[in-house]
Amino acid sequence: MKIPYYPGCTLNTNAKDLQECAEFSAEALGFSMVEMPDWNCCGASLPLTANSAMGYAGPTNVLIGAKEEGQKEGLEDKLVTLCAVCYNVLKRTNYAFNKDAAKLDTINSLLESDYKGDTNVVHFLEVLRDDIGFDKVKESVSKELKGLKVAPYYGCFLLRPHEEVGLDDPYAPTIFEGLLKSLGCEVVDFSHKGECCGSYSAMSNAENAAECSFSVIDAAAAAGADVIATTCPLCQYNLDSKQAMMKKNHGDMKEMPIIYFTQLLSMALGKDIGKISFKSNSINPLPLLKEKGLV
Amino acid sequence: MSRVGVFVCHCGTNISATVDVAKVAEEMKNQPGVVYTEDYKFMCSSPGQGKLKEIIDEHKLDSVVIAACSPHMHEKTFRNAAEAAGLNSFKVEMANIREQCSWVHPDKAEGTVKSLDLTKKMIEKVRLNEELDKIVMPVTKKALVIGGGIAGIQAALDIAAAGTEVIIVEKDVTLGGHMIQLSETFPTLDCSQCIMTPKMVEASLNPNITIYTYAEVEALDGYVGNFRARIRRKAKSVVEEDCTGCGICQEKCPKKVDNPFEMGHGKSKAIAVPFPQAVPNVPVIDRDSCIYYKTGKCRICEKVCGPKCIDFDQQDEIVNVDIGAIVVATGYDTMPLDRFGEYGYGKYKDVIDGLTFERMASAAGFTEGEMKRPSDGKTPETVVFIQCVGSRDESKGVSYCSKICCMYSAKQTMLYKHKVHHGKAHVFYMDIRAGGKNYEEFVRRAIEEDDANYIRGRVSRVYEKGDKLIVKGADTLSGRPVTIEADMVVLATAMTARKGADKLAQTLGISYDRYNFFSESHPKLRPVETNTAGIFLAGACQAPKDVPETVAQASAAASKVLGLLSQETLKREPITAEVNEANCIACFDCLNICPYGAITSKGITDRDGNIIKEVAEVNPGVCQGCGLCNAACRSKTIELRGFKDNQIYAEINSLAV
Amino acid sequence: MHSGHEAAKDEYIEQIAELSGEDVSLCYQCGKCTAGCPMAEKMDLPPSMVMRYMQMEHSDELKKATSRWDCIGCLVCGSRCPKLCNPAAVMEALRQEDMRKGTRSEEIEKLPVNFVKNAPQQALVSGFRKYVP
Amino acid sequence: MSEEKVENKEVWTPRIIAYVCNWCTYGGADLAGTSRKTYDASVRVIKLPCTGRIDPLFLLKAFERGADSILVSGCHPGDCHYNTGNYHSRRRWTAFRDLLEFSGIDMRRIHFSWISAAEAVKWVDVVNDVSEKTKELGPYTEFQRINEKIKEYDGIFAEQG
Amino acid sequence: MESLQSKAKELIKDASVAVIIGYAAGTKKGKTKPFFAYSEEDCEKLIFTPECVNNLTIYLTRKFDFMKKGKVAIVAKGCDIKTINVLIQENQLKRDDVVILGVSCEGVVDKDVILDRAELTADLPEDKKSIKCITCDVNTPSDFDHLFGEGVESKAIEPMTGGIYDEVDKVRGMAQGEKWNFWMEHFERCIKCYACKKVCPLCYCDVCITEKNQPQWIETSAHERGNYAWNIKRAMDLSGRCTFCGECDRVCPAEIPLNLLNQEMAKLNYEAFDGYRAGYQTEEKPPFVSFKEDDDEGFIR
């Protein structure tokens, strides 16, 4: 199975870790992600205001590209993303089009295209759940991540707005949990799965971002997690890199590694720990993994 | 050629001052069909009426026009008088030359011209009036009450008190409905068991009241005064007549089940009564959980039962009853809470709904009235009450206000405070709706005396942290977010129509709104009637209501029923639609447009009984005479008696210039 | 039927309403948005108050307020609104108006250098909604 | 004869036919009387149970019979004695008005209103306004001309026997 | 058309229908006629060409007794299906009682057009099409039991625009007096032959209002007053029902533009009642036996 893959601005650069591990896992599970040629940025946030057509042009181009590429190369008729933000933007672009044909026309005339709003956007997690199946994943696990208490963190963009994104129940999601279980982790249920990490306010007001991120880590810790798994580079960055700052305001706080779900996945699927890059982790997870006897 | 008599009334000087009544009387002599005219001082006076009778008799009048006041004023008077003189009352018409002429047109010339027109107009109409007989229908002097909650019981008691037989059909195992679940009731804080149980017992002892519990109305036909209902009495697996209610079966039954009466908290048995004061106090085997029905073994209840009244093979029983009137009192449900993930109901044990709190607060409830939170039985020190959960919420719930939540939340804060003196209650509200006798005072008491902290705002999320529930809300008055660490959260859930209310409405042929609440016949003037004559509404099945309102409406419905059943026969104005079956081609526009479902399809059969033609048929008992069908009918095959097309045309033509 | 004459609306408010495409009259001030907003604590005018000021046409106070610059578009407000409003859209409209008028925007110079180096690009891209191009 | 009337303005008074429902507008008109409000005398009321009873052709008949204007009035939405009668008639009027307009009827001569039994004042205002407008318009001659013409035919036929 | 004929034979053969209502070559050049096939050899006469203008569904109504013969098969164009839908909606027909032999159709000829053989095979030029075909969006029937002719992609059209509706808009644009004269000139010609109602599949009353004299709804003599009343009454009764088969307009000897009246009504129903179009569904209640609480009442004070 070959699926057109849209990396977006971050995955080829600062979130390489996330991507490499995903690619490894895909191979291990018998499918591959084909990066679409000359893709452009999705805009990383859908315009909220009424008549801002431009904001849709970017994502639409991507969606069109994926469809063409898919047909040209005979790939699956979908588009897979790893980045929660891209996923959110692309999916909601389609939603907006299907709700408001006029919008679609405007964009089409803008891009001189005839897009129908029908490119099937899926997240890597969905491929694992729906195309591969968590049972199959479980079978393919060579190293069970026994005893590792993982808090699955969705953040905003996989779950909101529910009717537009609809990956999973916004308050009782199961997909992330399902995957982690199949890897043998001990899944920790915690209240802040869907709360915000502070997002891009990190750039203008680091303090604010840090506070948001802290509430998430705090909740996870309270629930007894050793580590938080994320799907989104920005969440990973905020939760991980701001812990020093958090300590200032919350002295008693204990450092917690923030790890990409694909890093766990590839570990479980037998990727040599030495080959797994933890560049983006300022809190090094290895000590913990050693302690748990996973390294 | 008809023989019309025309009487022009002076009404003292009320008419004669601005209308030349003599001239009117004089000119009407020349109208075709008119054989007698006269102007008279006071037609409505008894000499006036006497004269009317006299002339009818003397001149063999076959129709009469009284040019006087508004028909709304005296039409009945003159029709009765004419009837007394042996004239069919529908051969009398009035020309409104007072309210709509003499009083509004000061110019005598104009007034007279108009009076001439109006009188002429009615002469032309009355000549085409048909002799109509009032519709007479027999009345079955027995009532049916659907629902055995406070509404149904109250209605039944009031009807029975008048010596009229009444049947209560309750789908549950016992009477009592939701009210018997409540701990104490606002605004007086008297325990609902104490005020409800006596009513239940009274109903069960009243010789005029027959109670079918564990039963449902399956079908209804007939019309006002003459309904027939098919009732299914579900098999209880217990012979009701023989059971002494000793309770040994329940005691010995090995199969524990959740008790819905305790909102799934307390336990019950596979054979049980929901609560000790149940009426009737006869247990029922829940065949879905009973071991015997699963495995074919056990039968312990049968062994221990003294009067031997367990009957595992008992079948559902169908009872057909004839009744003259019906009170629908099926009550309400509360909205399922699974859709409110942000409040964590179902996920966190200590997030409960209002009814559960009632059971917790009730002395007979699953905690014997002690404040113990479900998760660990600890006494909650801080309780947050969230109002409008599902109410006034277009995105996840319903847009209407459930009306009772403001009051019962206030009540619950009091009950809580009275049991946990050091405890603190917070209430998140949007508006306090306390319109009602002593209601506002009651809420203030909760705030001022029982120290409830009222916060104007909604809650966005509830989540667990340690053994606390973190409640993230807002105070919109100060415009600040508010976070409260609570031990227990109580959700004031929206009141919704009963599940399946729409189906029942269809069975009964009454209308219901988009929320499946039953529709009253007129929002202001006929609040307990339905559009179906003879069927009345009581309680929350019509719209969210509290106990006092429900009881009031129940008594109102009862009085409507009694008014109806007090008559030997029902007489109705014969102003109803009639179908010319020869011409009807059954397009059923009339059937579709009729607001009362008075029109049905009828098959016309030949001698051997094969249907040769389908036509529309009007049920005169149900038809209210609006004439929608008449106007809708393309071939004018259905017409409204008293307002037939040729009568209207005659009026129009009479006004030709 | 037809309400005769409409009272003249405040220009700024009109502009924001149009930009955001939100009908603020729908808001009945339940405050659920403020309750859920991760930034509300920090805001001078949390979402519900912004909606209120829009309704009351307190345009001067709105112009002064800075909460829109604390908003991080997590969309919690809109996704939980019982009246299907979207305060985030109003916040965005207020921001855009600021930037069009040049009354305020985040200043690129102030961007922490190491952030630009290490942070995921997506942060910058989405963050730039607060910067004047 | 209508011709003479046209020539002789003083004699001509508009002929307005009002189709009203028994429960609301008729009551409102009565109330105008009981509260002694005066209004123009050119209106002639035809009482029906409900506006839903009014057949579109009634309006046409009225014009054929020389009406200069027509008023149709019933209960406000939601107040209908028969619950939905006025909703149905509202739809019927929507279509029929359109048809009349399309076929060249002078729509300034057809008026619709909701007047409750309490709205005596509204009744008075509406009636006065309708007759005011009708007076401005003068007699409705389109149908009268046809009527004249038909009379002539009939005359001719009569002569030929 | 083999397939149509063979299917027809099949139906007759296994007696699954009593009769097949279809078209056969007419006696006059360029005309076809309604044809009723009872036997297999009858079926060989069945044809379908752009000359098959008639709306045969009238034979399904109570005006004729075909339905009494048992199950009936009918050759129907997309536009004819609309009539069938209305008849079902109005309880005049049960879907199960009729086998629809749907024919896909790119338009039929206008009333005065005679085609020569050559043209018959070529596609029909717009200017020779019946006006109803200009705005047709059911070239392939929406409902059928068997479909014949290679499925034609139904045109996507903006409802109530173009074709007849441009004519309608022209009249709408006239001044009141103009309109009155326009129609009076037409109605003057009406001779009350009632061909319009005879040919209309939706004028199926056993006793027509024109036959009622208590009261005299429609004056019997043919003068403008009675003619106006009749044509208005008919347009009103077809409002929300007429499916624009155009038969009345086609057969009117006085050439009164009845399509104009009926399509004005159709357009009104579309504009005023949530885009309602008669004949596009059987479930929904027609506009005049239903209502919305918030229907427009701008014209009511």
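Letters A, B, ... mirror the listed sequences (proteins, then strands); counts begin at 1.
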Inset, instruction - Below 4.5 Å from any heavy atom of chain C, which atoms of V459(B) appear? Answer side chain, backbone, both or neither. - result: backbone
Inset, instruction - Please check if the side chain of R456(B) supplies one atom and the backbone of Q29(C) the other of a donor-acceptor pair under 3.5 Å. - result: yes
Inset, instruction - Please look at C37(C) and chain B and tell me whether the side chain, the backbone, both or neither of the residue comes under 4.5 angstrom of a heavy atom of that chain. - result: neither
Inset, instruction - Work out which heavy atom in K32(C) is nearest to a heavy atom in S460(B); give both atom names and the distance. - result: O-CB, 3.4 Å
Inset, instruction - Give, as side chain, backbone, both or neither, the part of K472(B) having an atom under 4.5 angstrom from any heavy atom of chain C. - result: both
Legend entry - CD on E394(B) to SG on C85(C), rounded to 0.5 Å: 9.0 Å
Legend entry - Where R458(B) and A35(C) come nearest, the two heavy atoms and their spacing: O-CB, 3.6 Å
Inset, instruction - Answer yes or no: does atom OH of Y53(C) have more than 12 heavy-atom neighbours from other residues, nucleotides or ligands under 6.0 Å? - result: no
Legend entry - Shortest non-hydrogen separation from S395(B) to L84(C) and the atoms involved: CB-CD2, 3.3 Å
Inset, instruction - Compare every heavy atom of E41(C) with every heavy atom of R480(B), then report the nearest pair and how far apart it is. - result: NH2-O, 3.1 Å
Legend entry - Minimum-distance pair of heavy atoms, taken over all atoms of G31(C) and A474(B): O-CB, 3.3 Å
Legend entry - Max heavy-atom pair count under 4.5 Å with chain B, selected residue of G36(C), S48(C), A40(C): A40(C)
Inset, instruction - Would you give the length of the straight line joining atom OH of Y28(C) to atom CE of M430(B), rounded to the nearest 0.5 angstrom? - result: 3.5 Å
